[in-house]
There are 2 protein chains.
Amino acid sequence: MKPTDAELEILHVLWASGPSTVRQVHEQLSQHREIGYTTALKLMQIMYEKGLLSRDDSSKTHTYTAAVSEEDTQRGLVSRFVETAFRGSASRLVMQVLGQHKASREELDEIKRLLNQLDHDND
Amino acid sequence: MKPTDAELEILHVLWASGPSTVRQVHEQLSQHREIGYTTALKLMQIMYEKGLLSRDDSSKTHTYTAAVSEEDTQRGLVSRFVETAFRGSASRLVMQVLGQHKASREELDEIKRLLNQLDHDND
DNA sequence: TTCTATCTACGAATGATTTCGTAGTAAACA
DNA sequence: TGTTTACTACGAAATCATTCGTAGATAGAA
């Protein structure tokens, strides 16, 4: 339910690439950092046991798929993060993020659209 | 530099209440969850060694103070979180947060003000 | 002064995460 | 067929975070 950092790395690969073998995932991860093949394997096995991944083991080389959606996972992570880091104040988190990361014009516009929509929901 | 969850709880108490003794911090924490006195003590000692807290031990009962600011700490936490959970996309984090937490009218207005200011900075 | 309460220091157990080596098995190849 | 290669399973070490018990010291009360 609450993936660890290493598990998130693997989920990101699977979310981006779709169903993959351990070797494929390992190759992706290797481009970012040092990690042994059996480390990736073990992580994915644990994630399978936890229900974070599903797998097709009909052939010798198993194929893994993310069993949790990116949306749902990020929702959970955000909830937890707002609680622990911002004591539940989501708006302070938003302002902190907007203040420290330079968003593009398009991103700012998209956020504004969302804000206006929330405004109308509030009315 | 990167406080853990338990350490963050203690920092929040000290940020809110200012310099405090272990007993005072422990009393605050106890209202939220079960935690032994020596657990709080040990945590604060470790945080002192790490440089997260400073302390006055001129009397038998030490007084601890947060040695890192809330702003700086949250900035660091956000950076890390955007990386691990959102692969660096701050705007997607913002939209996720705004979509899932109902902010008050005042908060939304404040966020809009910030957005407009960012707009002008961009021009 | 003696006893009690409070505080710090220290050590250690527990559990979770991350890591990788080794062994065994199946497939592909020569 | 026999050998090499690739893959999974398993176990276990290393690290870190969290937890608390116990011991020793200090201060205040009786």
Side-chain angles (χ1 to χ4, degrees), chain A residues 1-14 19-65 68 73 76-77 80-81 83-85, chain B residues 1-14 19-65 68 73 76-77 80-81 83-85:
Chain A
M1 271 297 181
K2 39 152 197 54
T4 66
D5 285 1
E7 288 172 347
L8 261 180
E9 287 181 333
I10 288 173
L11 283 173
H12 277 298
V13 171
L14 291 174
S20 309
T21 64
V22 174
R23 179 143 311 276
Q24 289 168 332
V25 170
H26 176 250
E27 259 158 27
Q28 292 286 316
L29 294 182
S30 296
Q31 294 175 2
H32 283 280
R33 65 177 183 103
E34 283 286 302
I35 180 174
Y37 175 84
T38 53
T39 302
L41 169 67
K42 180 72 164 188
L43 281 170
M44 291 171 75
Q45 286 171 339
I46 291 172
M47 293 171 74
Y48 169 66
E49 284 159 22
K50 287 187 185 175
L52 290 172
L53 305 185
S54 59
R55 80 178 174 192
D56 172 359
D57 53 5
S58 58
S59 82
K60 184 198 164 194
T61 302
H62 303 350
T63 298
Y64 289 83
T65 310
V68 293
T73 303
L77 290 171
R80 195 168 183 290
F81 184 68
E83 269 315 308
T84 60
Chain B
M1 272 296 181
K2 42 153 194 53
T4 67
D5 285 1
E7 288 171 347
L8 261 180
E9 287 180 334
I10 289 173
L11 282 174
H12 277 299
V13 171
L14 291 174
S20 309
T21 64
V22 174
R23 178 142 313 273
Q24 289 167 331
V25 170
H26 176 251
E27 259 158 27
Q28 293 285 317
L29 294 182
S30 296
Q31 294 175 1
H32 282 280
R33 65 175 183 105
E34 283 285 303
I35 180 174
Y37 175 83
T38 52
T39 302
L41 169 67
K42 180 71 164 188
L43 280 170
M44 291 171 74
Q45 286 171 340
I46 291 172
M47 292 170 75
Y48 170 66
E49 283 160 21
K50 288 186 184 175
L52 290 172
L53 306 185
S54 59
R55 81 177 173 193
D56 173 0
D57 53 4
S58 58
S59 80
K60 184 198 166 192
T61 302
H62 303 351
T63 297
Y64 289 84
T65 309
V68 293
T73 303
L77 290 171
R80 197 170 182 291
F81 183 67
E83 269 315 307
T84 61

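Each chain gets a letter, A, B and so on, in the order the sequences are listed, and its residues count up from 1. Side chains included, hydrogens not; waters and symmetry mates left out as well; all remaining heavy atoms used.
- With sequence neighbours left out, A/Thr38 forms a side chain to side chain contact (heavy atoms under 4.5 Å, CB included) with no residue at all.
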Can you check each nucleotide of nucleotides 14-20 of chain D against protein heavy atoms at under 4.0 Å and return B for base, S for sugar-phosphate only, - for none, in 5' to 3' order?
---SSBB
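- Rounded to whole angstrom, the span from the CD1 atom of A/Ile10 across to the P atom of C/dT17 amounts to 13 Å.
- Contacts of A/His12 classified as ring pair (Phe, Tyr, Trp, His ring centres under 6.0 Å), with partners at least two apart in sequence or in another chain: A/Trp15.
- Rounded to the nearest 0.5 Å, atoms CD1 (B/Ile10) and CG (B/Asp5) are 12.0 Å apart.
- Among residues at least two apart or in separate chains, ring pair (Phe, Tyr, Trp, His ring centres under 6.0 Å) pairs with a member in residues 22-44 of chain B are B/His26-B/Tyr37.
- Summarising the geometry, the separation between CE on B/Met47 and P on C/dT8 is reported as 15 Å, rounded to the nearest angstrom.
- The distance from atom CE of A/Met44 to atom C1' of C/dC20 is 17 Å, rounded to the nearest whole Å.
- In this structure, B/Asp57 atom CG and C/dT6 atom C1' are separated by 17 Å, rounded to whole Å.
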Report, one line per pair, each donor and acceptor closer than 3.5 Å where one atom sits in a side chain of residues 48-58 of chain B; sequence neighbours left out.
residue: B/Lys50; atom: NZ; partner: B/Glu7; partner atom: OE2; Å: 2.7
residue: B/Arg55; atom: NH1; partner: B/Tyr64; partner atom: OH; Å: 3.0
residue: B/Asp56; atom: OD1; partner: B/Ser58; partner atom: N; Å: 2.9
residue: B/Asp56; atom: OD1; partner: B/Ser58; partner atom: OG; Å: 2.7

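- With sequence neighbours excluded, no residue satisfies salt bridge (Lys or Arg N to Asp or Glu O under 4.0 Å) with B/Arg23.
- B/Gln45 has a side-chain polar atom (N or O) that falls below the 4.0 Å cut-off from OP1 or OP2 of C/dA9.
- In this structure, CZ of A/Arg23 is placed 13 Å from P of D/dT5, rounded to the nearest angstrom.
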Nucleotide by nucleotide, nucleotides 25-30 of chain C touches protein heavy atoms under 4.0 Å in the pattern (B base, S sugar-phosphate only, - none) -BS---
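- In this structure, the side chain to side chain contact (heavy atoms under 4.5 Å, CB included) partners of B/Leu77, at least two apart in sequence or on a different chain, are A/Phe81, A/Ala85, B/Leu8, B/Thr73.
- Separating the OH atom of A/Tyr64 from the P atom of D/dT8 is a distance of 6 Å, rounded to the nearest angstrom.
- Listed by first and then second residue, the salt bridge (Lys or Arg N to Asp or Glu O under 4.0 Å) pairs involving residues 24-45 of chain B are B/Glu9-B/Arg33 (not counting sequence neighbours).
- For the atom pair A/Met44 CE and A/Leu11 CG, the distance stands at 9.5 Å (nearest 0.5 Å).
- Atom P of nucleotide C/dG24 and atom CG of A/Leu41 are separated by 17 Å, given to the nearest angstrom.
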